[in-house]
Asker: 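Okay, handing you the structure first.
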Amino acid sequence: MTPLKHALALGRLGLAVYPVGEGNAPRCPRGHLAATANAAGIKALHERHGFVLVGIATGEASGWSALDIDRPAGLPWWQENRHRLPVTRTHRTRSGGLHLWFRHRPGLRSSVARIAPGIDVRADGASAIWWPAAGLPVLANDPPADWPDWLLPPPKPAPVPFEPRRWTGTDRRPRSYALAALRRGIEAVAAAPQGTRNATLNRETFGLMRLTSDGALSPGEIADAMAVAAHAAGLDRNETEATLRSALTARGTAA
């Protein structure tokens with residue numbers, strides 16, 4: 001069966017599809033936003049762009065969502081939790097991972113590694129490749145089960161309180177940009193799942209240090225903010241200090 005025939009068959013099931021290239025990149029400018037279940041619309045997409053792989057707009061658009069288990073990062077979680085998962089449609093992915101397909105839970109949003117490292121949610125605002133159209137095996141041909149309650153990603157943490165230091169410069173534009181970047185760094189560290197917290201703290205701290213060159217942020221201000229975020233993420237003091245020291249030293253600043 002050709003990718004187009006797969007796409008048309010999926011459309012008859014009510015799944016919104018769009019053309020994807022060999023490298024998993026959308027072949028149409030709007031990507032999954034152009035997905036449709038309409039046969040005429042699918043054929044039009046194929047005429048303009050051509051289906052190499054078949055992408056599914058997940059979530060509300062199709063009524064299905066996928067649990068994307070990456071290999072190898074997601075294998076420890078899979079081995080520990082597979083017995084808790086209901087029987088549902090399951091595909092092998094090209095990387096050797098798994099796509100477990102479920103009926104979409106209204107309001108479920110896509111997320112990356114919030115459940116665990118290597119475990120992504122493909123729901124509203126995202127898409128997934130329908131790998132059987134590329135010849136990869138269907139490991140379970142069962143109807144999609146309801147999305148399990150325990151697989152709902154944890155809520156985002158409450159905002160981390162942080163009071164920026166008093167700004168004495170005359171041009172506030174660099175400072176405004178720097179504070180926005182600092183807030184994003186704080187949120188990224190505070191929300192980092194277990195297993196990624198030290199790496200996230202190191203990466204965000206190292207990146208923020210580039211904003212010290214024009215004085216928009218000071219190294220001490222960055223260290224203080226990242227320490228607060230690390231505490232919110234659950235890192236202990238020794239881990240936090242060691243990671244901050246590494247990131248600050250890498251940028252040529254002593255902690």
Asker: Taking only residues two or more places apart in sequence, or in another chain, which ones meet Thr243 in a side chain to side chain donor-acceptor pair (under 3.5 Å)?
Answerer: Asn198
Asker: Taking only residues two or more places apart in sequence, or in another chain, which ones meet Asp236 in a salt bridge (charged side-chain N to carboxylate O under 4.0 Å, His left out)?
Answerer: none
Asker: With sequence neighbours excluded, tell me which residues meet salt bridge (charged side-chain N to carboxylate O under 4.0 Å, His left out) with Arg237.
Answerer: Glu241
Asker: Quick one: salt bridge (charged side-chain N to carboxylate O under 4.0 Å, His left out) pairs with a partner in residues 71-83, sequence neighbours left out?
Answerer: none
Asker: Per the salt bridge (charged side-chain N to carboxylate O under 4.0 Å, His left out) rule, what does the pair list look like for residues 124-141, sequence neighbours excluded?
Answerer: none
Asker: Can you run down the salt bridge (charged side-chain N to carboxylate O under 4.0 Å, His left out) pairs that involve residues 10-28, sequence neighbours left out, and say none if there aren't any?
Answerer: Glu22-Arg94
Asker: Does Pro26 have any side-chain contact (heavy atoms from CB on, under 4.5 Å) partners at least two apart in sequence or in another chain, and if so, which?
Answerer: Tyr18
Asker: Which word best sums up how the rings of Trp77 and Trp150 line up, parallel for under 30°, tilted for 30 to 60°, or perpendicular for over 60°?
Answerer: parallel
Asker: Just to verify, what does Arg105 make a salt bridge (charged side-chain N to carboxylate O under 4.0 Å, His left out) with, not counting sequence neighbours?
Answerer: Asp149
Asker: Output all residues satisfying side-chain contact (heavy atoms from CB on, under 4.5 Å) with Ala188, sequence neighbours left out; order by chain, then residue number.
Answerer: Thr200, Glu204
Asker: With sequence neighbours left out, write down each residue that passes side-chain contact (heavy atoms from CB on, under 4.5 Å) with Ala123, or none if nothing qualifies.
Answerer: Ser65, His104, Leu108, Ser110, Val121
Asker: Could you name each residue pair satisfying side-chain hydrogen bond (donor to acceptor under 3.5 Å, both in side chains) that touches residues 40-61, not counting sequence neighbours?
Answerer: none
Asker: Name all residues meeting the salt bridge (charged side-chain N to carboxylate O under 4.0 Å, His left out) criterion together with Asp142; count only those two or more places apart in sequence or in a different chain, and write none if there are none.
Answerer: none
